Amino acid sequence: MIARIKFWLECSRWYALPMSFMAWLVIFIYGLDNDGNFINGILALIGICFAHLAANLFDDFIDFRNPEKYVDENNYITLQNTQKGKCGYLLNNSVRLSDVIKVAGLYCFTAFIIGLYLYYAAGAGVLFYMVSGGLIVLLYPFMSNHRLSELAVALAYGPILFGGVYYTMTSHCGIEPFVLALPIMIFTVNLLFTDTFMDREIDRNEGKNTFVNLFRSDISALNFQKSMLFSGYLSVFLAGIFDITDWEIFITYLTIPLAVDLINSLKLYSESSLSVPNKKWYHFPFENWDKIEKGKTAPFMFRMYQARNLMIYFSVLLAVSVYFD
């Protein structure tokens, strides 16, 4: 039983859950500072995690239904217009497609039950966030094919998550949670942008529409990413303007060197997609790096770890500044 649960969690890409947790942590601490309900906040996290897992599985379900599959010279089957290795557990016949939708449905049902409890515990406003989150889960696979992945992630990790958690904890709405959501939303979207930037040529050759492919060159795409990160750091001023935190908020600027390091790393990638920067002490954590470094995914995973860690460190420092204020 435990092995089966572990298998499905791996299929559901549970390793992506820290992104949801870090975003939740910021608004959870702010909710507690405003006399929010601790139990409701924890339940909201559990519901968010199940919704996240459901979105990952449903995305695989939609992609696998695509009839275009490719068989290479080693008889290895891959999906057209998707990331290499995607849906591997389906392509190797470990499970049936019907099993995927059943498990995704179970995730959604669990999130729904939690949401139903929070509806009675916190108020009718919970329904708005439940429906909004559910729509993101269902529409993400289709939005990602129409250059709207970044919008979906921005909505999910911004107003829906922050507004929803704050409401379930306090039964109130306010502008402050949405102001606090802005930098987290931007740094989470930056992670997705980093991913699609590195897959830019592959996606273009396969006819896949991504937001990054709207830019004519790697330089213009990186300039946009610089602007996005700059706006993320600039948005922390709003927390002071709306009296959410005081000077403590500026400890998030300690992550600026990591943002610069990421951009420089992506510049190097645009010049040579096989390049792997030297791993420094501040490149932490890089899970299983010794194993990854020996494979072909090292150039890609190095930058993904950089972008992920930037979001995590920024979120931790933002949560600390909210707590101490």
Side-chain angles (χ1 to χ4, degrees), residues 8-9 12-14 16-62 100-144 146 148-182 184-185 188-189 192 315 319:
W8 278 110
L9 287 175
S12 309
R13 301 192 288 282
W14 64 270
L17 290 180
M19 309 306 295
S20 292
F21 174 79
M22 297 312 304
W24 166 86
L25 181 63
V26 175
I27 189 60
F28 176 70
I29 292 176
Y30 183 70
L32 290 179
D33 280 348
N34 287 271
D35 300 322
N37 186 289
F38 178 88
I39 298 299
N40 285 3
I42 297 297
L43 288 175
L45 171 64
I46 297 172
I48 289 167
C49 288
F50 275 109
H52 189 163
L53 295 174
N56 290 342
L57 272 189
F58 189 65
D59 186 45
D60 285 355
F61 174 80
I62 295 299
V100 175
I101 200 65
K102 288 177 183 177
V103 175
L106 179 62
Y107 289 155
C108 287
F109 179 73
T110 305
F112 174 77
I113 293 300
I114 293 173
L116 200 60
Y117 168 80
L118 292 174
Y119 165 75
Y120 287 105
V126 171
L127 288 177
F128 171 78
Y129 297 104
M130 285 176 61
V131 172
S132 300
L135 287 175
I136 292 294
V137 171
L138 294 175
L139 296 179
Y140 181 80
F142 308 101
M143 296 177 73
S144 64
H146 293 85
L148 296 174
S149 294
E150 285 80 4
L151 176 62
V153 169
L155 291 173
Y157 284 90
I160 295 176
L161 190 152
F162 275 69
V165 172
Y166 186 75
Y167 184 88
T168 60
M169 293 180 69
T170 65
S171 299
H172 295 294
C173 296
I175 191 65
E176 292 84 0
F178 302 106
V179 171
L180 204 54
L182 279 174
I184 298 298
M185 178 180 72
T188 306
V189 169
L192 176 60
S315 300

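Please read all numbers here as calculations on a predicted model, not as lab measurements. Because only heavy atoms are used, hydrogens play no part in the values below, and waters and symmetry mates are left out as well, while side chains stay in.
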Going by heavy atoms in the side chains, are [X] and [Y] under 4.5 Å from each other?
X      : Y      : result
Thr170 : Asp35  : no
Phe50  : Cys108 : no
Ile114 : Leu118 : yes
Leu25  : Ser315 : no
Leu32  : Asn37  : no
Val165 : Met169 : yes
Met185 : Pro159 : yes

| From Arg13 atom CZ to Asp59 atom CG, the distance as rounded to the nearest 0.5 Å |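 If we round to the nearest 0.5 Å, Arg13:CZ and Asp59:CG are 6.0 Å apart.
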| Distance in Å, Phe128 CZ paired with Ser132 OG, rounded so as to fall on 0.5 Å steps |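 Going from the CZ atom of Phe128 to the OG atom of Ser132 covers 4.0 Å.
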Run the side-chain donor-acceptor check on residues 148-156: report pairs under 3.5 Å with partners two or more places apart or on a different chain.
none

| query | Is it true that Tyr166 and Tyr30 have ring centroids separated by less than 6.0 Å? | reply |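 Yes.
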| query | Can the ring centroids of Phe28 and Phe38 be said to lie less than 6.0 angstrom from one another? | reply |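 Yes - the distance between ring centres of Phe28 and Phe38 falls below the 6.0 Å cut-off.
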What are the two closest non-hydrogen atoms of [X] and [Y], and how far apart are they?
X      : Y      : value
Phe162 : Ala181 : CG-CB, 3.4 Å
Tyr167 : Gly125 : OH-N, 3.1 Å
Tyr129 : Cys173 : OH-SG, 4.5 Å

| said: Under a 3.5 Å distance rule, please check whether Trp24 uses its side chain to pair with a backbone N or O of Gly41 as donor and acceptor. | reply: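 Yes; judged by distance alone, with no hydrogens or angles, the pair exists.
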| query | Without hydrogens or angle criteria, can the side chains of Ser20 and Tyr157 be said to hold a donor-acceptor pair below 3.5 Å? | reply |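 On atom types as modelled, these side chains qualify, holding a pair under 3.5 Å.
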